[in-house]
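All remarks here apply to the structure that follows.
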Amino acid sequence: MKEIEKAYEAKQFEDSIYKQWEESGAFTPKVDQDKPSFTISMPPPNATGTLHLGHASMLAIQDIMIRYKRMQGYSALWLPGTDHAGIATQNRVEKNLAEEGKSRHDLGRKDFLKEVDKFVDTSRNTIKSQIRKMGSSCDWTRERFTLDEGLSKAVRTMFTKMYKDGLIYKGDRIVNWCPRCSSTLADDEVEYKEVKDKLYWLKYGPFTLATTRPETKLGDTAVAVHPDDARYKEMIGKKYMIPGVLGDFEITVVADKEVDPEFGSGAVKVTPAHSFTDFEIAKRHGIKSKSVIDEEGKMKDNCGKYAGMTTTECRKEIVKDMEKMGLMEKIEDYDHKLSICYRCKTTIEPLISKQWFVAVDKPVIEHEGKMKTIKERSIEVVRNGEIEIIPERFNKTYFNWMENLHDWCISRQIWYGHQIPVWYCSDCDEEIVAEDAPSKCTKCDSKNLKQDPDTLDTWFSSGLWTFSTLGWPEETEDLKYFHPTSVLETGYDILFFWIARMIVMTTYGINQIPFEKVYLHGLIRTRDGQKMSKSKPETCIDPLDMIKQYGTDALRLSMVIGATPGNDLRLYEEKIAGYRNFVNKIWNASRFSLMNVEDEHLETEFDPKKHIVSKADKWIITKLQYLIKDTTENMEKFHFSEAGTKIYNFTWGELCDWYVELSKGEHLNPHVLVYVLKNLLKLLHPFIPFVTEVLWKNFKEDKMLIEADWPEFDKELLFNTEVEEMELLHQIISDIRSARAEHAVEPVKQVHAVIYAGKHKDFLEEKREPLMRMARIGELEIFEKGEKLDRAIALLTPHYEVYLPLHELIDPDKEKKRLEKELDNLKGFEKTLSGKLSNDGFLNSAPPEVVDKEKRRLKETQESLKKIEGELAHF
RNA sequence: GGGCGAUUAGCUCAGUUGGCUAGAGCACCUCGUUUACACCGAGGGGGUCGUAGGUUCGACUCCUACAUCGCCCACCA
């Protein structure tokens, strides 16, 4: 007999349980050649972030996978870490400085970075403790940070390797420039915003042409037309002087297929320095470029009176001036998409600048005797199934993105991050690339060396994540044993940002795939499908707040059940509360059991031959076996929602509603109760680790649940005959309860029941006790068969007939109506079935077992029909 | 412009290679202090499965269009 609290209070237990797990070493797998390994690299949250639902759901899903595999006997490693998130973090610190009226330039690079480190150190601890709150069973002894010693070394090593392979080059190229961040952005770091803008029609020498950016006219060097456009055929290749606000300037007319003759006037002004398309056109035709916008988004000195203005100011002025000069034909309203910075939403200025790039179309990887580009190799590993993406439909998205990949700009003009490992000699201009800072110039021995001031794109280091965290470039035991990792689990929103780059960097860098499977989860949304956004706090659910109120287990379940890979999930508080109720239900099922169990029951090992006694035992044991089978299969297929739902239904609908209820009478069998419960706790543990571990402590086991063995399906423990019988019992009880309610028989009232049970007579006789108790029967008579009773409720099925002779309590009209309704129902069913069975097509084409089933059902329906018709004849 | 997803009860969603008269949770209605749990129990109402065709003996499930909503990608100035 145990004393257990009436309700489960999560916050009383969670922190101490987590501590016990961590201290037990269960999170820290060993390199063990006798065991298979299972590895997940945790997508590193930003070091300065705080836990949001996105993290919470990823942690829940990954923890489920890891705990499951750990219980199955794998050496299961879940490697945690944090990302320095260069631009994001630097922005945060700069913002803090701005409040003190300072800029990063006031501090200088060295002191500014000290400031950032200080900030990161404290906020990293915040996110780490929040990861623990979710119950994440990750190995903190192997925790990494993208900017720590080892990873920085990995970054420099990879950069050097790529440089030597000619994969990294420096070039003047047009880039996405964020004037606010003062940095370049990769193509996929650019977002688009719908804006209502103007389309300006300019009188442009012999042309009229449309543009959204009249200020870039100052940088125009060409006009492009479609090669087949008859209107401009004569002009191709010629040069024209164009009148402008700063005087005439010269342009060349070029023909290019990119130009859409349908749009505007069919002629495009070309500003190679400030437009991606124009840059490409100019390159194709050998046109020079003229740069007129600087890195602060202001007009350059070569812009006369407009010099120093922002592009927006300049646009206003220049439009005014053009109108004065009669150069403006008309201005139309125009909707288009503006490129903005994904971090700060500032308008992007495309401009030409000297940057570092990764060449994606250069064949450098030797694979099966062929030289392949990183692009080709990255596509290949997914196409040939070495890497499997779940759900599969994202393959298409991945291929499409990869195929259209341009050279990747990896330099960023910020201070926080991995500084590019390139040094320039001030004396001889030599460029030295090295893993470690050189002490002197390799060419002229000069000690006047200056490191490239730029840092690397954050995704460069995260691209190495799966192997750099395991010790690369050292050939560590961990690396050999745990890599390639098993599953990479993350949101589909960073398929390109991160997953694609890991595939690129790993297949090239160490000639391995980074992971075997990619599991993509969806976004968590509000109840009405909105994105939760920080700018609208009322739409956000704070996971930490939910944990406080409902417990981590409830939160985890609410994010896993109902979620399918790649699809978004709507989450709301009632849902979490619902799963808190479930957690309490399992708590109370255990509480009931432990109240009815002695120490000896807990101490003896379960012996099916000795301990399985009743048909009820056989029924629940069989159901448990099927549950074990289903759950294992679903876990293997990553169907976590399905697995969770089935365990939920078993726990509530079968164990609690029936087996525990049966146990309140003469069927109490502590051995089976303990056996079922223990197995159930194991199955539930990956989903709701805390409550299951707390309960486990009552079962006198040496090991903690986290280290227990996953249950195995045992087909010796299937008792299908008993299952059928027990389900008949459930049916009778439910039927009687239903009939009582319909006739408004008070729940406390004990009724008289007569059952004609046919071949089930002995079985029901055996189950007399629960039948009477659970259906509230005072006097029960069971016969094989007998006469119909008058003034009684009649429950008529092919397997049994139940009469409840309630005499004066029965309203004959009501009973007649009830029977008629059922009759209608059955007649409809009969029609469907006999229709099917008189159809030759069905009989010939359907599989025999389906035909048999329908035949059986028709027979049963007809039997019921006959009985009810007979009954109705008496009214 | 291209691609993808969703559309099932008032709400949120299941429905696994086509085969019970379509299920669950929440909400709603009726009843309830029976040996864990009111974070509970018993019972109940509620759906022409977005629309229109097609394939099939049989379609929520497969195919084709369309509609609505949402997402992603793309250099239309």
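Numbers restart at 1 for each chain; the letters A, B, ... are given by sequence-line order, proteins then strands.
If you check rA52(B) for Watson-Crick or wobble pairing at under 3.5 angstrom, you find it paired to rU64(B). In this structure, rG58(B) makes no Watson-Crick or G-U wobble pair, since no nucleotide meets both defining distances under 3.5 angstrom. Base-pair partner of rG18(B): not found among the strands shown (Watson-Crick or G-U wobble, both distances under 3.5 Å). Across all strands shown, rC37(B) forms no Watson-Crick or G-U wobble pair with both distances under 3.5 Å. Pairing for rG43(B) goes to rC29(B), judged as Watson-Crick or G-U wobble with the two contacts each under 3.5 Å. Pair assignment for rG70(B) gives rC4(B), based on Watson-Crick or G-U wobble hydrogen-bonding distances that are each under 3.5 Å.
Rounded to whole Å, the distance from CD1 on Ile576(A) to P on rC39(B) is 18 Å. Protein atom CD1 of Ile390(A) is 20 Å distant from nucleotide atom P of rC4(B), rounded to whole Å. The CZ-C1' distance, from Arg525(A) to rG5(B), rounds to 11 Å in whole Å. Atom-to-atom, CD of Glu746(A) to P of rC31(B) comes out at 12 Å; the value is rounded to the nearest Å. To the nearest angstrom, P of rG15(B) lies 13 Å from CG of Asn649(A). Atom NZ in Lys269(A) sits about 13 Å away from atom P in rA77(B), given to the nearest Å.
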Give me the distances for all protein-to-nucleotides 53-64 of chain B N/O pairs that come in under 3.5 Å?
residue	atom	partner	partner atom	Å
rC57(B)	O2'	Asn839(A)	ND2	2.6

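Proximity of residues 564-575 of chain A to RNA chain B (heavy atom under 4.0 angstrom from any strand atom) is restricted to Thr564(A), Asn567(A), Arg570(A), Tyr572(A).
Minimum atom distance to the side chain of Lys821(A) is reached by rG45(B), of the listed rG45(B), rC20(B), rG41(B). Comparing atom distances between the Asn581(A) side chain and each of rA77(B), rU21(B), rC40(B) picks out rC40(B) as nearest. Considering only side-chain atoms of Thr277(A), the nucleotide from rC71(B), rG41(B), rC75(B) that sits closest is rC75(B). In this structure, of rA77(B), rA36(B), rC20(B), it is rC20(B) that holds the atom nearest to the side chain of Lys853(A).
Using a cutoff of 4.0 Å between basic side-chain nitrogens and carboxylate oxygens, Arg527(A) and Glu573(A) are not scored as salt-bridged. A salt bridge links Lys629(A) with Glu633(A); the closest basic N to acidic carboxylate O contact falls under 4.0 Å. A salt bridge does not link Lys217(A) with Glu215(A): every distance from a Lys NZ or Arg NE/NH1/NH2 to an Asp or Glu carboxylate oxygen is 4.0 Å or more. Ion pair Glu860(A)/Arg857(A) not flagged as a salt bridge, since none of the NZ, NE, NH1 or NH2 atoms sits closer than 4.0 Å to an Asp/Glu carboxylate oxygen. A salt bridge links Glu661(A) to Lys664(A): at least one charged side-chain nitrogen sits closer than 4.0 Å to a carboxylate oxygen.
Along RNA chain B, the nucleotide nearest to Phe582(A) and the one nearest to Phe276(A) differ in position, and the one closer to the 5' end is contacted by Phe582(A). Nearest-nucleotide mapping onto RNA chain B: of Lys396(A) and Arg580(A), the residue sitting toward the 5' end is Lys396(A).
Ring-plane geometry between Trp587(A) and Phe13(A) is classed as tilted, the angle between the planes lying from 30 to 60 degrees on a 0 to 90 degree scale.
Annotation: cation-pi pair Arg580(A)/Tyr550(A) absent, no NZ/CZ under 6.0 Å from the ring centroid and within 45° of its normal.
Taking only distance into account, the side chain of Lys6(A) never meets the base of rC37(B) through a donor-acceptor pair shorter than 3.5 Å.
Atom CD of Glu746(A) has 12 or fewer neighbouring heavy atoms from other residues, nucleotides or ligands inside a 6.0 Å radius.
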